[in-house]
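What follows is a short report on a single structure.
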2 protein chains.
Amino acid sequence: MFKVTAVTKEEVDNCPIRQVLSQVFGKWQMLIVLALEDGPLRFGELKRTVGDITQRVLTENLRKLERDGYLSRTVDPGPPVAVSYALTKLGEDWIDHLKPVVIWAAKNHPEIAENRAAYDAP
Amino acid sequence: MFKVTAVTKEEVDNCPIRQVLSQVFGKWQMLIVLALEDGPLRFGELKRTVGDITQRVLTENLRKLERDGYLSRTVDPGPPVAVSYALTKLGEDWIDHLKPVVIWAAKNHPEIAENRAAYDAP
DNA sequence: CAGTATCCTTTACGATACTG
DNA sequence: CAGTATCGTAAAGGATACTG
């Protein structure tokens, strides 16, 4: 159904997986987007919610997500300054489509863990 | 709805995103799985279908996908030897859940490209 | 044909220190 | 508070050559 063959530059540019999904399937992007599901969060709150992410990497990923339009960044100059991040329409739409996949992953986690153990065994 | 906070090792181990999805959202895994959607393919066919992937990287990703149970590897000792890869039940189930996301990405590709251009502009 | 083996480059990520 | 700056590590990927 989808053309995944890609040898020319045009084919790569038109591949939704390479152009769109590759930017949201890193180690942190999904976690960040899901963290914003229940409403806007400030930088520090976001960092605490995701848990084990460094400031540098969080900033980096927030910029990527903002660039693609999944979230917006709002600055309230204080002092002290307060920056909050919120999902855009695109971001909410994205999360609606992402969640079934996350639910599937949670459901199949046990089976996949078994498969790995069996494969690694002797 | 999902707990994405993860500070302890246990929380990370039980996070479906980190444990399951991180292994299928690399640069090539989705393309490989989608390439097998219409039926089994041999190594060389798979390589030609995906297009610009090297032998080394294709092998590497096939092993990961086989390990998690998304596809099976069947060897027909020739000579010449013929190895074919096919989706398993899990792989087909996965692709059914993955496709809506790919379709979403294709649909929103233009908007996201605009967002990027606007962000990068001046 | 279907891989391995090597070597190299790029990208992501991590740790820590510093600043308006 | 919300970053930036620097430095270092590790994983992914790319190029090329070789093999049962």
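Quick caveat, the model's predicted, so the values are computed rather than measured. We name chains A, B, ... by the order of the sequence lines, and we start the count at 1 in each one.
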Drop me the distance from [X]'s [atom1] to [Y]'s [atom2], to the nearest 0.5 angstrom.
X      : Y     : atom1 : atom2 : answer
B/N108 : A/Y70 : CG    : OH    : 7.5 Å
B/Q55  : B/K47 : CD    : NZ    : 6.0 Å
B/H97  : B/E92 : NE2   : CD    : 13.0 Å
A/E111 : B/D93 : CD    : CG    : 8.5 Å

(request) Convert the base pairs of DNA chain C into dot-bracket notation, remembering that pairs crossing earlier ones are written with [ ] and that bases paired across to another strand are shown as |; include only Watson-Crick or G-U pairs under 3.5 Å. (result) ||||||||||||||||||||
(request) Taking the side chain as every heavy atom from C-beta outward, state whether A/L87 and A/I95 have any atom pair closer than 4.5 Å. (result)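 Of all side-chain heavy-atom pairs linking A/I95 with A/L87, at least one is under 4.5 Å.
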(message) Quick test of your reading of the model: are A/R18 and B/D52 salt-bridged, counting only N-O distances below 4.0 Å?
(response)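 Between B/D52 and A/R18 there is a salt bridge, with a charged N closer than 4.0 Å to a carboxylate O.
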(request) Answer yes when B/E60 and B/R56 have at least one side-chain N-carboxylate O distance shorter than 4.0 Å, and no when they do not. (result) yes
(request) Mark up nucleotides 3-17 of chain C, 5' to 3', with B wherever a protein heavy atom is under 4.0 angstrom from a base atom, S wherever such an atom reaches only the sugar-phosphate, and - elsewhere. (result) BBBB-----SBBB--
(request) Provide, to the nearest angstrom, the distance between the CD atom belonging to A/E45 and the P atom belonging to D/dC1. (result)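 Answer to the nearest Å: 10 Å.
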(message) Please enumerate all residues that pass side-chain hydrogen bond (donor to acceptor under 3.5 Å, both in side chains) together with A/N14, with sequence neighbours excluded.
(response)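 In terms of side-chain hydrogen bond (donor to acceptor under 3.5 Å, both in side chains), with neighbours along the sequence ignored, A/N14 is linked to no residue.
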